[in-house]
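A quick write-up on the structure given underneath.
On a predicted model such as this, the values are computed, not experimentally measured, just so you know. Sequence lines set the chain letters: A, B, ... in the order given, protein chains first and strands last, and positions in each chain run from 1.
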Amino acid sequence: DAGVIQSPRHEVTEMGQEVTLRCKPISGHDYLFWYRQTMMRGLELLIYFNNNVPIDDSGMPEDRFSAKMPNASFSTLKIQPSEPRDSAVYFCASSPRQGARGETQYFGPGTRLLVL
Amino acid sequence: AQSVAQPEDQVNVAEGNPLTVKCTYSVSGNPYLFWYVQYPNRGLQFLLKYITGDNLVKGSYGFEAEFNKSQTSFHLKKPSALVSDSALYFCAVREGGGADGLTFGKGTHLIIQP
């Protein structure tokens, strides 16, 4: 299995521009998570999906952030307009059914975003 | 609300010596506990987890962790450190019966000196 795939790996943009991050989860996984990693706040959960449906978006910082999962093999995280404080590493993770609520989340390599 | 504390920003260990990376947690219900490792410019790699059963959990690369309910701790250990173990280690918790997202600690830099 190729694991969780994220693109782009690096993104440099200017303040005010739209940024779209992409994620392909592991085939067969029902859950998809978006996390953000910064020096100040560490790793934070932004939003997660179960069977393509958003379950909890309470971690999304503000309305400039949106996420979609149009099908089981693709998700996007969009920032519009972007701001310098959005600079961070964004991780996507997926996991199998949470039947026992102990299923492991597998992380992608991350997208390093720099907003100038 | 659930939380995780990793009290040490950095741990230095000589190669061949045992290592311990500390983690304590707080949840309302039963904890599901995880350790991940992050190498520079890489994603998080799963090491091990505790869900239920034996308090001593064995994972990848010779790592193990001990769940201690009374002390609400889940310390990561390895009997003999390797230089290649140098990385950033994260402890994470999820409450059994609660939301599915993980709450992470701040991370501990583990430095193994040759």
| field | From CZ (B:F104) to CD (A:E44), nearest 0.5 Å | value |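 Going from CZ on B:F104 over to CD on A:E44, the span is 11.5 Å.
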Do other residues, nucleotides or ligands put more than 12 heavy atoms under 6.0 Å from the [atom1] atom of [X]?
X     : atom1 : answer
A:D63 : CG    : no
B:Y61 : OH    : no
A:E62 : CD    : yes

When you group the ILVMFWY residues by side-chain heavy-atom contacts below 4.5 Å and let the links chain together, are [Y] and [X] in the same group?
X     : Y      : result
B:V37 : B:I112 : yes
B:Y36 : A:Y31  : yes
B:Y32 : B:L56  : no
A:V12 : A:M15  : no
A:I5  : A:I26  : no

Identify every side-chain donor-acceptor pair in residues 4-19 of chain B under 3.5 Å, counting partners at least two apart or on other chains, and give the distances.
from, atom 1, to, atom 2, distance (Å)
B:Q6, OE1, B:C91, N, 3.0
B:Q6, OE1, B:G107, N, 3.2
B:Q6, NE2, B:Y89, O, 3.0
B:Q6, NE2, B:T108, OG1, 3.1
B:Q10, NE2, B:N12, OD1, 3.3

| query | Which one, B:G105, B:A92, B:G43, leads in non-hydrogen pairs under 4.5 Å with chain A? | reply |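 Looking at each of B:G105, B:A92, B:G43 in turn, B:G43 comes out on top.
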| task | For B:N41 and A:R9, work out which heavy atoms get closest and say how close. | result |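 Where B:N41 meets A:R9 most closely, the heavy atoms are O-NH2, 3.7 Å.
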| query | Of all heavy-atom pairs between A:F91 and B:Q38, which one has the smallest distance, and what is that distance? | reply |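 Smallest interatomic distance, heavy atoms only, reads CZ-NE2, 3.4 Å.
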| field | Interface residues of residues 77-84 of chain A facing chain B - non-hydrogen atoms under 4.5 Å apart | value |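 If one takes a 4.5 Å heavy-atom cut-off, no residue of residues 77-84 of chain A lies near chain B.
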| With only heavy atoms counted, which part of A:M39 is less than 4.5 Å from chain B, the side chain, the backbone, both or neither? |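 Contact with chain B is absent: no heavy atom of A:M39 under 4.5 Å.
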| said: What part of A:Q37 gets within 4.5 angstrom of chain B, counting heavy atoms only: side chain, backbone, both, or neither? | reply: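 The side chain, not the backbone.
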| task | Heavy-atom distances under 4.5 Å only: say whether B:Y50 touches chain A with side chain, backbone, both or neither. | result |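 Answer is neither: B:Y50 stays 4.5 Å or more from chain A.
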| request: Check whether any side-chain heavy atom of B:L44 lies under 4.5 Å from a side-chain heavy atom of A:Q105, and answer yes or no. | output: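 In short, these two side chains do not touch, never coming nearer than 4.5 Å.
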| said: When you measure from the side chain of A:Y35 to the backbone of B:L102, do you find a donor-acceptor pair of N or O atoms at a distance under 3.5 Å? | reply: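 Pair found, side chain donor or acceptor close to backbone of B:L102.
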